[in-house]
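Structure record follows, encoded as structure tokens.
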Amino acid sequence: MAQTSNNVSRVFRLALGVDNTFRRKFDGEEYLERARSEAEGKNQSKCPPVQRKPLKHRDYEVDLESRLGKTQVVTPIAPLSQQAGYYCSVCECVVKDSANYLDHINGKKHQRALGMSMRVERASLKQVQERFEVLKKRKDPGSFSEQDLDERILKQQQEEEERKRQRRERKKEKKREKAAEEEPEVDPDIAAMMGFGGFGSSKK
């Protein structure tokens, strides 16, 4: 009898008591194993960092004006390369205006995608001298002289004088038109009836 009452009270306590089966149970061995595997993974991932090339100047012209003044139909389902703005094929993104596009292609993210760091390679004296030689050869010798400079200055002065003369003529023309608009037109019949032939004539 006492045993059955104990069983009933245990069942009753289980029914009314707190159910702790939802609580998370921690397995110490499992976490130790996890910690060991993470430590091994970190040791393996400690490889030398990626070596990137130093910055170098562009060997192509940035096209900012090819679509200037053109209209384009833009749909939301169009691919990125056909949407409004400037498309960067390296980073696969669209930039809305030219200033932001230049910032993007000169920025760190774009340069990293090209495999370059933001550091500039230090040039030696020999490299600088070679660069000067290349630039000297590129420039056409004898293409510019002091005489050319004098001629260009003289031509500019003549063009400036011509512009000033045209401006003065336009002002005079506007004054004449304004004076003609302000002067009332007199009908000759009415002027004859009133007894005068015209204004400002020297004839008597």
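Not counting sequence neighbours, the partners of Glu169 by the side chain to side chain donor-acceptor pair (under 3.5 Å) test are Arg165. Not a single salt bridge (Lys or Arg N to Asp or Glu O under 4.0 Å) links Arg119 to another residue, sequence neighbours left out. Residues forming a salt bridge (Lys or Arg N to Asp or Glu O under 4.0 Å) with Glu130 (at least two apart in sequence, or on another chain): none. Arg176 is linked by a salt bridge (Lys or Arg N to Asp or Glu O under 4.0 Å) to Glu173, counting only residues two or more places apart in sequence or in another chain.
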Could you walk me through whether Glu38 and Arg34 pass salt bridge (charged side-chain N to carboxylate O under 4.0 Å, His left out), step by step? CA-CA 6 Å; Glu38 283 178 13; Arg34 239 192 249 181; over 6 Å; no

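Between Lys174 and Glu177 there is no salt bridge, since no side-chain nitrogen of the basic residue lies less than 4.0 Å from a carboxylate oxygen of the acidic one.
Through direct or relayed side-chain contacts under 4.5 Å between Ile, Leu, Val, Met, Phe, Trp and Tyr, Val73 connects to no other residue.
Going from atom CD of Gln157 over to atom CD of Glu160 covers 9.5 Å, rounded to the nearest 0.5 Å. Distance check: Gln158 CD to Glu161 CD gives 7.0 Å after rounding to the nearest 0.5 Å. Taking CD of Gln83 as the reference point, atom CD1 of Ile77 lies at 10.5 Å (rounded to 0.5 Å).
Of all the heavy atoms in Val94 and Ala84, the pair that sits closest is CG1-O, 3.2 Å. Listed here is the closest heavy atom pair of Ala123 and Val128: CB-CG2, 4.2 Å. Nearest heavy atom pair, residue His104 against residue Cys88, reads NE2-SG, 3.3 Å. Closest of all the heavy-atom pairs between Arg122 and Gln127 is O-OE1, 4.2 Å. Contact between Asp63 and Tyr86 at its shortest, heavy atoms only, is O-CE2, 4.2 Å.
If you chain together hydrophobic residues whose side chains sit under 4.5 Å apart, Leu149 and Leu154 never meet in one group. Linking ILVMFWY residues whenever their side-chain heavy atoms come closer than 4.5 Å, directly or via other members, places Tyr60 and Tyr101 in the same cluster. Both Val95 and Leu64 belong to a single network of hydrophobic side chains, linked directly or stepwise wherever heavy atoms of I, L, V, M, F, W or Y lie under 4.5 Å apart. Under the 4.5 Å side-chain heavy-atom criterion for ILVMFWY residues, no single connected hydrophobic cluster contains both Leu102 and Met118.
Between the side chain of Gln72 and the backbone N or O of Gln82 there is at least one donor-acceptor pair closer than 3.5 Å.
Heavy-atom contacts from other residues, nucleotides or ligands closer than 6.0 Å to CD of Glu30 number more than 12. Within a 6.0 Å radius of OH in Tyr31, other residues, nucleotides and ligands contribute more than 12 heavy atoms.
You'll find the side chain of His57 stays beyond 4.5 Å of the side chain of Val120, heavy atoms only.
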Give every donor-acceptor pair under 3.5 Å between a side-chain atom in residues 107-114 and any protein atom, sequence neighbours left out.
residue: Gln111; atom: NE2; partner: Ile105; partner atom: O; Å: 2.7

